[in-house]
Amino acid sequence: MTIKELLDNLNELAPFSLQEDNDNSGLLVGEHGSEVTKGLVTLDVTEKVLDEAIEKGCDVVISHHPFIYQGLKRVIGSRPAERLLVKAIKNDLAVISLHTNLDNILTGVNRKFSGLIGLEDLKILAPRLGYLKKLVVFCPVDYANDVRLAIFKAGAGKIGDYDWCSYNIEGQGSFRAGEGASPFVGNVNELHFEKEARIETIYPSYIENEVVRAMIEAHPYEEVAYDLYPLDNAFDMVGSGMIGSFKTPLSPKEFLAMLEEKFNTGIIRHSYFSGEKIENVAVSGGSGSFLLDKAIEAKADAFVTADVKYHQFFDAQNKILLADIGHYESEQFTKDLIYEMVSKKIINFALQISEINTNPVQYFRTK
Ligand SMILES: [Zn+2]
């Protein structure tokens, strides 16, 4: 498989266009045309991880965190990113990152996190705005089924647990074919009226090319009349964080003890919380404290994330049990997630999970 083919597959799993503006997901090192045969999945790219990849005969490293995050003006080995880049290139290793594009999908990092602690009825905590669009297409009534089915198959028409959603109405379209045209119905230089269906449906903007291509292929007209509208509706399939609930609520103490055990945390920093039970829980793997207000707004009893600042614990006090379990701890299972997703999608690609604990944070304890 070429790197380009690998990227196309990864893009179908977690579209790179869903990454945050300041992110650097995608191909960091390597060339599209190069062949890759074996991959190593890691949370972070470190020197030890690259050594492991070389030792295991891998030619591509797939990480969650991109090791190149800011622009590099020179590569002289003075910063870790520069040294990693040199090492990867010297050893013919490609590096691909699936970072916030993997955070922002319904089946991504936070779904894995939620599943691990047993949350049910999962929803995205902060759905993305501006991602939903509307397609309206006009086509001869007899072809409406084919056109509708083609755009559904390309991924349009999904609302929550429903798919193939559309609105349809019949009317009359008019056109006059000019010289050089070969109209599907009607004659050149004559005004023609045709019984047409107006089909309306929605789709996420990142599949627009596929949807429009499928629609045009299924449509009998030489010139297809269609409109693409931006929508202000939130798109609940993409966004940050996740919220769900426990079937059986836990006490705050039981809840924290469960987090400690499941995530094998060195320490949990948490806010003072006067509530008695934890039932609705919001989570965000990694630095998710920007979602604290959303979690409070959504009436979560607890919010579990990492990299929480001192003053945010004041903001949470008595409103929500805010728990910081550590950045690495909260995302350690992302390796398994990437492995599961990729090996299911690309069956004949050799993939391994890195055995290295890349957590740069140490916890000091006398006992
Ligand atoms: Zn992270």
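Every number for a ligand or one of its atoms is a count from 1 in the order of the listing.
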TODO: Check the angle between the aromatic planes of Phe255 and Phe246 and answer parallel, tilted or perpendicular using the 30° and 60° thresholds.
DONE: perpendicular
Task: Whether His192 and Phe175 hold their rings parallel, tilted or perpendicular, with breakpoints at 30° and 60° - done: tilted
Task: His99 and His65 aromatic ring geometry - parallel, tilted or perpendicular at 30°/60° bounds - done: perpendicular
Open item on the list: Need the atom name: nearest N/O/S atom of His65 to the Zn ion (ligand 1).
Closed with: NE2
- [ ] For the Zn ion (ligand 1), decide whether His327 has an N, O or S atom at a distance under 2.8 Å.
- [x] yes
Open item on the list: Pairing donors with acceptors under 3.5 angstrom, does anything connect the side chains of Gln312 and Ser289?
Closed with: yes
- [ ] Could you check which N/O/S atom of Glu331 is closest to the Zn ion (ligand 1)?
- [x] OE1
